[in-house]
Structures are given as structure tokens and as C-alpha cells.
Amino acid sequence: MAKQVIDFNNEEVRNAYRHTTSHILAEAVKNIWPDAKLAIGPAIDNGFYYDFDLDHKFTDDDLKVIEKEMKKIIKAGKPLEKYELSREEAIKVMKEKGEDYKVELIEDLPEDEILSFYKQGDFFDLCAGPHMEKTSNIKAVKLTSVAGAYWRGDSDKKMLQRIYGTSFPSQVELDEYLKKIEEAKKRDHRKIGKEMDLFAIYEEGPGFPFFMPKGMVLRNELERFWREIHKLNGYEEIKTPLILNEDLWHTSGHWDNYKDNMYFTKIDGEDYAIKPMNCPGSMLAYKRKMYSYRDFPMRIGELGQVHRHELSGALHGLMRVRTFTQDDAHIFMLPEQIKDEIKGVIKLIDYVYSEIFGFKYHIELSTRPEKKYIGTIELWDKATDALREAMEEEGLEYIINEGDGAFYGPKLDFHLEDSIGRTWQCGTIQLDYMMPERFDLTYVGSDGEKHRPVMIHRVIFGSIERFIGIITEHYAGKFPLWLAPVQVKLLTVAEAFEPYAEEIAAKLQQAGIRVELDTRNEKIGYKLREARNERVTYIGIIGEREAEAKTLTLRHNVEGELGEMNVDEFVQKRINDIKDKK
RNA sequence: GCUGUUGUAGCUCAGUUGGUAGAGCACUUCCUUGGUAAGGAAGAGGUUCGGCAGUUCAAUCCUGCUCAACAGCUCCA
């Protein structure tokens, strides 16, 4: 028989490979714990999992034992054979085996369906396939972790034990994958954030991050950049309060839809809420006066700090917090301005993602949610069509994310891809006919009558905090010069060169460059090592040679050794780099 | 919120089958004036081992509760 060729780049083949491995996992677990009940075990992005219901709690040591058993099954080279059963037969077989979850799965399938099974030796499982020909096709396996997972992904149902693993056609590929995971861990923004002293989160405030001086540099630079581009693009800026009367949130619909995630407080016996979003505040700001159609489009930005009560288990560094700053803006406009405004925001987002940060990204169109939404289906369709048309006119590709819209309108979500291939949803453009209605926003048209404006809610970074987390991992802490908390660190070779080093430091500082000076009584190798660990952009070394020639010897955190350079030339070049956002 | 794991000095971690705690780094002082990833020596540092109860002659170690972190699930306007 010809050897089965495994094309691991083919998604179908890869999934079949991992799926077969998950069957082997299930068999191994059943061999060791015959009482284990099987749930489901599909292939996923980087491997597979299988869910089990079993009183014994799997430990990390168990994973090793299971792996060993899996290797036995693989070595046995059992062929995977497909066969079919009728519904009744299938239910009967599974009931006999006490596989309650399988019975439930089968009972939920259409009545007339013929069910396919796969078996390997004595082990069999309900499965649509496809699979590898035999268990010995699996060459390299690793069980990675065990975790809880709800039966059928429903938090009201029982929690099962899920074993995660991965498999590859060779040990080399498996090792490469594991190495990649290790690399990603090194980039973890929580680790780098601690090492670089950017931010911290304490037990006293879970989900409420503190920003330290170096982290504040990042924040302030991002915000400064944000203000700059928004001014250029015709936005004005406001700031609205963190706490507002609860009535406002009833009007907006936030209370109905998201009160579980809101924080409340009382002031003088009245109920107030801490804002989970900025828009209702923006609505009040809009309503302060009358507008003419000539005032539109009106673009109002706000770096607004919001608070949301996230579940404790959902918190994750800066990526998922309980307070964060949205780089929000609301655009009020005439219906005929919708498409142009959407296109304008798309361009702005593209500029920031592609030009400034070098992110690849894709766009998703999120449509009306099943249940939680306000307004009529007609208006939802109208808004969704407008987003779609704007995209199509710009020749942009997008994928549809059914039912994932905000409760007040459909949206375009921008998912960026970082330097190690992970995607993050950041930017969003939401088109909204509902809030202007609820808040009775008006403008006076050319006919002298009052009309209803349409609005856009949009963010580019999404959350400043989360964006800092993402770029920390994207750059592995080696931020581009304009963002780097320490742009230049000067190291003296010996005490004698301190005056010259101070002279250079002063020059850099005057040029607006963030500089640190290390004149400690330590060897240059030692200081260098420390400066490198701090990930400063440029390290400047100052000794006898440099003091005489009025130069400094430079090293860049990514490019490496740069040799000696004239001080004034270096300063001028860096000023230009910072201006160019390099 | 749910399941599991973890919680010891500023950081990274070791440790005691229950007899009141250690290393390296960092920090301070001294020596060393050194040219591209750790020069040497000494010292200080834990309200005592996340918190609160309990068992015990004795708890950092055992038990219960609780808080937080981590992984995953659920959620993410």
C-alpha cells in the first residue's frame, strides 16, 4: 500500500490529522479511566482537544501518562475504519456504553440522518471524519494543558475537563511550534511591562491598571499623536464626566442591555452610574444648542475613560481591564454624508494601522444581534447597507460577522495582525440611527424644519490600554523611537568622561529627546547589559575617543552596532526620525 | 462567574514527611577607573511564608473559608 502523503499546509488534511489525534487521546483516556464519558473532540487552530466527564481530576502528571498510552496506540498502527449506523442503532450502542453525551448529540441530529462512526481497534466514536488511514500516521504528539469547559459551550451546563494537545507530522515541526509558543511568552506585555516598568496591576484593584512614568510616556505620545491626526481631520475634542445620573442610561438603553456590567453609585439619594461608554455624554453635549445642516458633518472626539465590570476570570493584563480609555469620536451628519464619513474614518484607520504601526489588518462587518437590539429591522438594514456600500465603493474586502453588532447599530470591526500573527480587534465604526432618536437629537434642514441626524461611533486604537498591550507584544518592547520611553541612554566608560556625557545629555534633552545617563561606577559591559535589558532605543557609549573627537559610539536596539557618529548629526537625525514617527 | 493550578524578600525561585526561612539578581557601602551582555568584598532586606478562622504543645507546611494571579470556558455594548 502506498504511504499516505500528508500535506500539512492543506487545512483539511491538517484538521483530519489533528482530529485523528484527538480520537487517539480519547482512546488513551478510556483505556486508563474506563469510567470517563466522552463529549466532543475536534481539531482547532493549533491542535485539538477532547472533552471528558470524569470524577478524577486530570493533573499535569496524568498528561504524561496519557501521552505514553497514546504513543502505544500510535505504534500499534490501528487502521481507522468508517462504518454507518442508523439513529436507533447508534443511540442503543452509546446507551449501552453509558456515553450520555454522545446519546444527547445523536438525539439532536435530524431524524433521518445516517450516522457515521470511526473505529480504531476496539475504540469507536461518532464522527463525520475524515481521518488518517491508521493511527501510526501520527508522528509527533504533545498534550499541552487541561482546563474546564462547559458542555456545549453553555455556562448553565456542566463543566467538563478539556485536554488540549497538538500534533505534527514530525518531531522537528512540533519542536518548532513549541518554540514559537515560548517566543510568544517572552513577548507577553505583562512580563515586558514589569521589566520595563511601564505599568502594574495590584490586588487592591483587579483590572484597574496603574501607569508608571515610562508607561505614561507611551500613553502621552499615543494621545498626542491621536490629537494631532484628529485635528488634521476636522475633529474637535470634548471631555464628558465619568459619573452621570442613572436616568441617562435608561434613555440610552445601556441600563436594559448592560446593567450587569455597569458600576452604580448614589449621590444625595439619587442613583448615578459610572459611564461604560462615552456616547450618552456626547449626546448631552450635542443637545446644548440648535444646529443647522450647514454644521454637518460634525466630528467630536473624546479620549474617554470608561468602567465596565468584567468577570474576574476575563481579566488579562492590559488586554482586558475594568477601566480603560476609548479614543472615541462621534460624528453627527446628514444621511447623504454617511458614506463619505465612513470612508474618511476607514482612511484614518488605515493610515494609523498601516503607515504608522505597520500592522496588517482585515475588516469584518458585524450585523444585527439576535436578541439584544433597539430600533426597527428596516433601519438596521439601511445602516448595514450603508456600511457595505462604503466598503464596496472603496474596493475593500471584508467578511461578515453575523449577529455581532452593537445593540444600537451594525459596525465595521478592524482586526489587526501583530508581528507574530495574532489578530486583535481594535478599530470599529458603528453606524447608528437609534441614539439620535432616543435622545431626540435634531438639526434644522434647508427647508427650515427639524430633522434627525445620523451618527457614527468610532475608535481607532479601541482602548489606549489594550493598544499599549498589543504594541508592546508587537514590538517585543522595542518601540519605535517616537514612542520609546527612553530614546537614548548614555553610558560612560569611566568617571573622567562624565562632564562630556552630561554635555551631550543636555543637548539631547534640549532637542526634546528622552535621554538617560548612566555614570555609575561600573564596568561598561555591565552597564551595556542593563541598558539592553531596558530595551532603550539608542545606547551611546562615551569614553576617551568620543570625548576627544566630539562623537559618541552608538548601538541601536534592533539594528545593532552603528559605530561612531558626530553628536550634532545624531541629534538632528533623531529629531527628524521622531517627526516622521519612526 | 465556572473548572483547574498557583500565591515564600523589590524580581526570579528553592525549602521544611508540622519544630517559628534560604539562594541568585536588584539595593547600600568599600575596593576596582574598567571599551561592548554580569570585576571583587561586606552589609541591609521577610511587620515571618496572600488574608481570616480551625486542628495541634507547636502551622509557611494539615483543614475550611476568602482574596488575587495564571490557563481555559463563558462573556466582551
Side-chain angles (χ1 to χ4, degrees), chain A residues 44 49 51 53 57-60 62 144-164 185 188 190-191 194-195 197 200-207 249 252-262 275-280 306 308-317 319-322 324 326 366 369 372-374 404-409 411 425 428 430 432 434-435 457 459 462-463 466 491-498 519-533 539-546 553-555 560-561 563:
Chain A
I44 51 174
Y49 66 79
D51 287 346
D53 185 7
K57 303 286 176 221
F58 293 127
T59 64
D60 285 346
D62 289 339
T144 47
S145 61
V146 48
Y150 297 111
W151 167 233
R152 301 201 135 179
D154 182 342
S155 56
D156 292 329
K157 295 213 162 90
K158 186 170 183 182
M159 181 152 277
L160 310 173
Q161 297 190 74
R162 174 172 298 178
I163 295 179
Y164 283 94
K185 268 191 201 158
D188 192 312
R190 292 166 300 184
K191 181 172 141 71
K194 191 183 270 180
E195 285 169 4
D197 199 21
I201 302 172
Y202 302 107
E203 272 197 37
E204 288 80 353
W249 308 101
S252 70
H254 285 99
W255 194 88
D256 287 334
N257 285 289
Y258 295 104
K259 61 177 177 300
D260 291 345
N261 286 331
M262 289 171 66
K275 68 175 174 181
M277 293 209 78
N278 301 302
C279 33
V306 297
R308 299 178 181 182
H309 179 249
E310 300 290 352
L311 292 176
S312 58
L315 301 178
H316 180 93
M319 302 301 194
R320 193 80 178 272
V321 288
R322 284 177 172 157
F324 58 96
Q326 294 182 306
S366 295
K372 288 181 174 180
Y373 69 91
I374 56 176
D404 205 36
F407 73 85
Y408 45 76
K411 54 181 185 162
Q425 195 227 298
T428 174
Q430 308 174 346
D432 180 6
M434 318 304 169
M435 288 287 161
H457 311 245
V459 290
S463 140
R466 186 155 166 274
L491 314 180
T492 50
V493 174
E495 207 178 329
F497 317 110
E498 206 175 311
T519 58
R520 286 177 308 166
N521 179 14
E522 296 288 351
K523 288 217 160 59
I524 193 69
Y526 178 83
K527 293 192 200 179
L528 188 75
R529 180 189 131 87
E530 209 171 80
R532 289 177 69 140
N533 287 340
I539 295 172
I541 292 182
I542 291 156
E544 197 175 358
R545 282 205 309 272
E546 292 82 3
T553 298
L554 291 156
R555 156 168 230 154
E561 301 277 2

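Naming convention: chains lettered A, B, ... in sequence-line order (proteins, then strands); numbering from 1 in each chain.
- Checking G39(B), G35(B), C67(B) against the side-chain heavy atoms of Glu203(A) singles out C67(B) as nearest.
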Exercise. Using Watson-Crick and G-U wobble pairs whose two distances are both under 3.5 Å, how do you write the pairing of RNA chain B as dot-bracket, with | for links to another strand?
Worked result: (((((((..((((.....[..)))).(((((.......)))))......(((((..]....))))))))))))....

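- In terms of position along RNA chain B, the nucleotide closest to Gln161(A) lies nearer the 5' end than the nucleotide closest to the other residue of the pair Asn533(A) and Gln161(A).
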For this session: Run the numbers on Arg322(A) and Leu315(A) for side-chain contact (heavy atoms from CB on, under 4.5 Å), then give the verdict.
Result: CA-CA 8 Å; Arg322(A) 284 177 172 157; Leu315(A) 301 178; 3.8 Å; yes

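- A14(B) sits 16 Å from C62(B) when the P atoms are compared, rounded to a whole Å.
- Atom CD in Gln425(A) sits roughly 15 Å away from atom P in C75(B) (whole-Å rounding).
- Annotation for Pro206(A) and Ile201(A): closest pair CA-CG2, 4.4 Å, computed over non-hydrogen atoms.
- Of all nucleotides listed (C75(B), U36(B), A77(B)), C75(B) comes nearest to the side chain of Ala314(A).
- Phosphate contact (OP1/OP2 of U33(B), side-chain N/O of Tyr526(A), threshold under 4.0 Å): absent.
- If you measure from atom CG of Asp197(A) to atom P of G10(B), you get 15 Å, rounded to the nearest angstrom.
- Listed nucleotides: G35(B), C2(B), A77(B). Nearest to the side chain of Gln430(A): A77(B).
- The base of G35(B) sits within donor-acceptor range of the side chain of Glu546(A), with an N or O pair under 3.5 Å.
- Tyr258(A) and Phe407(A) have tilted rings, their planes meeting at an angle from 30° to 60° on a 0 to 90° scale.
- If you take atom P in G64(B) and the same atom in A23(B), they sit 33 Å apart, rounded to whole Å.
- The side chain of Lys523(A) lies closest to G39(B), out of U36(B), U33(B), G39(B).
- Side-chain N or O atoms of Thr59(A) include one that pairs as donor or acceptor with a backbone N or O of Asp62(A) at under 3.5 Å.
- Along RNA chain B, the nucleotide nearest to Thr59(A) and the one nearest to Thr492(A) differ in position, and the one closer to the 5' end is contacted by Thr59(A).
- In this structure, the CZ atom of Phe324(A) is 9 Å from the P atom of A77(B), given to the nearest Å.
- Here the nucleotide nearest the side chain of Pro206(A), chosen from U74(B), C76(B), A69(B), is A69(B).
- Rounded to the nearest Å, the gap between the C1' atom of G18(B) and that of A59(B) is 6 Å.
- Set against A71(B), G35(B), A37(B), the side chain of Glu544(A) has G35(B) as its closest nucleotide.
- Look at Tyr258(A) and the base of A77(B); the rings stack, centres closer than 5.5 Å and planes less than 30° apart.
- The residue Gly525(A) sits close only to the backbone: its heavy atoms come under 4.0 Å of sugar-phosphate atoms, none of a base.
- At a threshold of 4.5 Å between non-hydrogen side-chain atoms, the residues Glu530(A) and Arg520(A) count as touching.
- The distance between atom CD of Glu310(A) and atom C1' of C76(B), rounded to the nearest whole Å, is 5 Å.
- C2(B) and C65(B) have their P atoms separated by 13 Å, with the value rounded to a whole Å.
- Using a 4.0 Å heavy-atom criterion, one finds that Tyr408(A) contacts the sugar-phosphate atoms exclusively.
- Of all heavy-atom pairs spanning Arg162(A) and Asp51(A), the tightest one is NE-OD1, 2.7 Å.
- Between Tyr164(A) and the phosphate of C73(B), there is a side-chain N or O to OP1/OP2 separation shorter than 4.0 Å.
- Comparing the P positions of C57(B) and G15(B) gives an interatomic distance of 29 Å, to the nearest angstrom.
- Regarding contacts with the backbone of G35(B), every side-chain N or O of Arg555(A) stays at 4.0 angstrom or more from both OP1 and OP2.
- A donor-acceptor contact under 3.5 Å links the side chain of Arg320(A) to the base of C75(B).
- Across C73(B), G34(B), A77(B), the shortest atom-to-atom separation from the side chain of Ala494(A) is found for G34(B).
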Problem set entry | side-chain contact (heavy atoms from CB on, under 4.5 Å) between Tyr408(A) and Asn257(A), worked out | CA-CA 10 Å; Tyr408(A) 45 76; Asn257(A) 285 289; over 6 Å; no

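- Distances were taken from every side-chain heavy atom of Ala149(A) (C-beta onward) to each of A37(B), G4(B), C73(B); the shortest belongs to C73(B).
- The residue Arg466(A) sits apart from the nucleic acid: no heavy atom pair falls under 4.0 Å.
- Using atom P as the reference point in both A37(B) and U29(B), the two lie 27 Å apart (nearest Å).
- No contact: Val146(A) has no heavy atom under 4.0 Å from any strand.
- Nearest heavy-atom pair, Phe497(A) versus Thr492(A), reported as atom, atom and distance to 0.1 Å: O-CG2, 4.0 Å.
- If you take atom P in C52(B) and the same atom in C61(B), they sit 12 Å apart, rounded to whole Å.
- Per the geometry, CD1 belonging to Ile541(A) stands 8 Å off P belonging to U36(B), to the nearest Å.
- Contact annotation: side chain of Tyr150(A) to base of G1(B), donor-acceptor pair present below 3.5 Å.
- Heavy atoms of Arg162(A) sit under 4.0 angstrom from primed sugar atoms or phosphate atoms, though from no base atom.
- Residue Gly253(A) is out of contact with every strand shown, counting any heavy-atom pair closer than 4.0 Å.
- In this model, the phosphate group of A71(B) is approached by a side-chain N or O of Arg190(A) to a distance below 4.0 Å at OP1 or OP2.
- Dashed line: the shortest gap from a side-chain N or O of Lys194(A) to OP1 or OP2 of U12(B) is under 4.0 Å.
- In this structure, the NZ atom of Lys527(A) is 15 Å from the C1' atom of A37(B), given to the nearest Å.
- Two residues are said to be in side-chain contact when any heavy atoms from C-beta on lie closer than 4.5 Å; Val306(A) and Gln326(A) meet this criterion.
- Under 4.0 angstrom from either OP1 or OP2 of C2(B) there lies no side-chain N or O belonging to Ser155(A).
- Residues Pro369(A) and Gly405(A) approach most closely at CG-O, 3.4 Å, considering heavy atoms.
- Asn261(A) has its CG atom 12 Å from the C1' atom of U74(B), to the nearest Å.
- Across the protein-nucleic acid pair, His316(A) atom NE2 and G1(B) atom C1' stand 19 Å apart, rounded to whole Å.
- By the 4.0 Å N-to-carboxylate-O rule, Arg152(A) lies too far from Asp154(A) to be salt-bridged with it.
- Using C1' as the reference atom, A42(B) and U5(B) are 41 Å apart when rounded to the nearest Å.
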